[in-house]
Number of protein chains: 2
Amino acid sequence: METLATLAATLGPRNCLTAPDDVAPYAVDWRGVGGATPRAVLRPGSVEEVQAAVRACAADGLAIVPAGGRTGLAGGAVLPPNGPASVVLSLERLNRIRDVDARDFSLVAEAGCIIQHVQEAAAKVGRLFPLSWGAQGSAMVGGALSTNAGGIRTLRWGNARDLVMGLEVVLPDGRVLNDLRRVRKDNSGYALRHLFLGGEGTLGVITAAALRLVPALKRVETAFVAVPSPDAALALFSRMMESGAEVIAFELLIGRCMDIVAKNGIGVRVPLPLGSPWYVMVELAAAHPAVPLREMLEETLGAAAEAGEVLDAAIAENEAQRANIWRIREDWPDCARRECPSVNTDTSVPVSAVPEFCARVEKALAERWPEGRLFALGHAGDGNIHVSLGAPPGMDREAWYARAREAEPMVNAIAVELGGSFSAEHGIGQMKRHAMATHKDRVALDLMRAVKRAIDPEGLMNPGKMLP
Amino acid sequence: METLATLAATLGPRNCLTAPDDVAPYAVDWRGVGGATPRAVLRPGSVEEVQAAVRACAADGLAIVPAGGRTGLAGGAVLPPNGPASVVLSLERLNRIRDVDARDFSLVAEAGCIIQHVQEAAAKVGRLFPLSWGAQGSAMVGGALSTNAGGIRTLRWGNARDLVMGLEVVLPDGRVLNDLRRVRKDNSGYALRHLFLGGEGTLGVITAAALRLVPALKRVETAFVAVPSPDAALALFSRMMESGAEVIAFELLIGRCMDIVAKNGIGVRVPLPLGSPWYVMVELAAAHPAVPLREMLEETLGAAAEAGEVLDAAIAENEAQRANIWRIREDWPDCARRECPSVNTDTSVPVSAVPEFCARVEKALAERWPEGRLFALGHAGDGNIHVSLGAPPGMDREAWYARAREAEPMVNAIAVELGGSFSAEHGIGQMKRHAMATHKDRVALDLMRAVKRAIDPEGLMNPGKMLP
């Protein structure tokens, strides 16, 4: 195609890949989701090159799939199976940190910066970039913002969108929306950036962002706690929130998850005896060493134990023990994969509805698939519990999916009935479009389509994603 | 008009006002801005009545100006001088707090709820609704959200938009966007609510919101500090942020403002001798009584004094002294008005640029209007300094505006040159449209117009506001 030849000249042949072996890695993501093969993989090295690529593709009617670290869990950064002719636009070479300003508590990063590098750049000037999750060593800024990534610390500092002060975006017509201000307050018209944040690349390509930093943490306390029930966990959550400490993370796990981590985890130590029906991981932090954080934690756990909300607790005594607790959380996806195939979900409910959600899900899944194994863990402080239904021993993925695929819509429906969302933090991508079609308010869908038509009238940005 | 007769029947005659005496109060706002007289004032008592009103007006081509407490500073809730035939849609009767959930840290309020009532409802269950500013006793939820209101605590908890989990909106075609979820995480398509938050009623009418609450504060420390310069103030700000305390507010005032408060304030005590070139108000908070907040404050002030950043400081010893410090800030607009007419601005810059901004503004205004008096005070921790140019003694408003009106665009231009905004927290309304036309990125304006056309194709929602 002539467009690709022109782009090879503009970007250099190494940055306009068309050979099957070169293109293949970009056809699948971390999760193994893949659809059609892209016509080419474009790797622009500057905003101007992104503009040139977008303009050339638009002129030729080629669709664009923006991609970063491809660690998403909804298939948003790879082609759908039966979409239009598309290229992958990889932002990996836009990887400069343009500016770090400790006094401003700000950092300007290009879309291809790896999240962990942003964290490190902030730490160097005594600041914290709080966004954090398992894939942070591969995930990139552009993808994190386009999917409004969550993670374990959203309880305290919000999702990705809450950490953005300004954006630079290449629009579907190749123009640049230059809104890269490091300003905390700006009420000058519609908050356009919030369309691109979480927009999954369907309205344009984020090329850079001005990010908020926060003061570095001086003290952290982390505990692993056995609790009798989600209701007890929620009572403990209220106590922690009222303890006066900054509650950074509050994770809930069903006991079975710990059995599987104990069995399949590599180099992970289980901090408490197995056998509790549920466990909680809680992390408190303070920005000053004089804050009596340990006392706050111990007093709160003590009071909760007296009230019957806590069965047992282990407080990390050092950084190694703390790291071990978080490895349980981060290694969970790998441990689960080693155990069995499972049908996964990504729902949220109001925090107060977490106990009812867990109870209804457990009952509904057990009735329909008594052979299935319920896994449930997630960010209880955000009301975001990831429920999975694991296959019985020995059953392969294909067979289990054929039998239990319906577990996902069933869990989604329960979350929505409780006033929650069928898509809490992973986004829609390809995988949740069916749920958008089923559950999303009709008026909201109409508005979204109107916005899409207004900004991407040709429908060339990441087609087949998000909107059903 | 037949439409109004129909609406009088639907809403009741007392809620469809057309007599000149009844309509007149709604033709002006708190600031005294007024334009054309509305054809009618509609006061619906339910979401259904809002829908009926919007549909009837749309059918008849009547434009709608949504209004709440009418305390805005940009003329957004009153008719422009030469707009189309319009009604004022007052949300004042939608004033129910539908739900308060301490465990969820959430509260659902209708658009006509007064901000202070929301604060009180949260306090009753041991929670804090942190949005706070001078007009909170009159301002309503709908207006606060539609203008993305700021105030003195945005440093810690963000602007209004950051405190919203879900919205209910009546769209220009009368349909309801029901997105009133109390969910902290929801990545299911475009974040539509962020279009209406700060949308100044130009895309629809917010009728209710699910708001975030935070744990109640257990301890607060407040200090009034004399500093030699904005640069010193900024150094002090960094120290406070690194002190480990939660910095809730950090306000900067030029010395002249204190002279005027001392002269014109009613029942306000000046905590430090007059004569310092600049002053700072800083408030620290902790959610636990054991946090050594007073020590953090004293140590930080002590270190800053040694470094020459602090000239003198008074720490509030009790609630009365604390209230007195904040009365200085809140009474400033009235004190200034008693002193002289002034040309006002609402700019923000990156926090690190505050000293340069102050210096450049001072120089530019003094050169052009040596007879003018520079007032500068604002939320330095957000980079949001409100600069005003006061008239010389004895000059009336009309004469001063004729001479010094250009001070506003001059200050705006300096803020924009420093990477800032010409409209930090008051919004655009009628008063800042000229600045939108001058300074807003062309691409951003194009996108905003496309969004407006997509959602309000007839242009009946709050015409003559925001978009130039």
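In what follows, every chain begins at residue 1, and chains take the letters A, B, ... in the order their sequences are listed.
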Residue among [options] with most heavy-atom pairs under 4.5 Å to chain B:
{"options": "Ala286(A), Gly150(A), Gly383(A), Ser243(A)", "value": "Ser243(A)"}
{"options": "His379(A), His439(A), Glu295(A)", "value": "His379(A)"}
{"options": "Leu447(A), Val176(A), Leu197(A)", "value": "Leu447(A)"}
{"options": "Ser421(A), Ser188(A), Gly419(A)", "value": "Ser188(A)"}
{"options": "Asp162(A), Thr202(A), Leu180(A)", "value": "Thr202(A)"}
{"options": "Ser348(A), Ala424(A), Gly381(A), Ala450(A)", "value": "Ala424(A)"}

For [X], which atoms come within 4.5 Å of any heavy atom of chain A: side chain, backbone, both, or neither?
{"X": "Met296(B)", "value": "side chain"}
{"X": "Arg127(B)", "value": "side chain"}
{"X": "Leu192(B)", "value": "side chain"}
{"X": "Leu217(B)", "value": "neither"}
{"X": "Thr347(B)", "value": "neither"}
{"X": "Asn148(B)", "value": "both"}
{"X": "Leu293(B)", "value": "neither"}
{"X": "Arg182(B)", "value": "both"}
{"X": "Arg193(B)", "value": "neither"}
{"X": "Met466(B)", "value": "side chain"}
{"X": "Asp441(B)", "value": "side chain"}

Open item on the list: Taking side chain as everything from C-beta outward and backbone as N, CA, C, O, which of these in Arg219(A) sits under 4.5 Å from a heavy atom of chain B? Side chain, backbone, both or neither.
Closed with: neither
Open item on the list: Heavy-atom cut-off 4.5 Å, strictly under: side chain, backbone, both or neither for Met436(A) against chain B?
Closed with: side chain
To the closest 0.5 Å, what do you measure between [atom1] ([X]) and [atom2] ([Y])?
{"X": "Asn159(A)", "Y": "Asp382(A)", "atom1": "CG", "atom2": "CG", "result": "7.0 Å"}
{"X": "Glu417(B)", "Y": "Glu356(B)", "atom1": "CD", "atom2": "CD", "result": "9.0 Å"}
{"X": "Thr300(B)", "Y": "Leu284(B)", "atom1": "OG1", "atom2": "CG", "result": "7.5 Å"}

Looking at [Y], is its backbone amide N or carbonyl O close enough to the side chain of [X] to form a donor-acceptor pair, meaning the two atoms are under 3.5 Å apart?
{"X": "Lys465(A)", "Y": "Gly76(A)", "value": "yes"}
{"X": "Glu200(A)", "Y": "Ile428(A)", "value": "yes"}
{"X": "Arg156(A)", "Y": "Glu246(A)", "value": "no"}
{"X": "Asp179(B)", "Y": "Gly166(B)", "value": "no"}

Open item on the list: Just to verify, which of Thr438(A), Asp346(A), Asn412(A) counts as forming a side chain to side chain contact (heavy atoms under 4.5 Å, CB included) with Phe422(A)?
Closed with: Asn412(A)
Measuring only between side-chain heavy atoms, which start at C-beta, is [X] closer than 4.5 Å to [Y]?
{"X": "Leu145(B)", "Y": "Val164(B)", "value": "yes"}
{"X": "Phe250(A)", "Y": "Met241(A)", "value": "no"}
{"X": "Leu445(A)", "Y": "Pro468(A)", "value": "yes"}

TODO: Report yes or no: is the cationic atom of Arg212(A) (NZ for Lys, CZ for Arg) closer than 6.0 Å to the six-membered ring centre of Phe105(A), at no more than 45° off its axis?
DONE: no
Task: Partner chain A: residue of Leu234(B), Asn384(B), Thr154(B) with the largest heavy-atom pair count (under 4.5 Å) - done: Leu234(B)
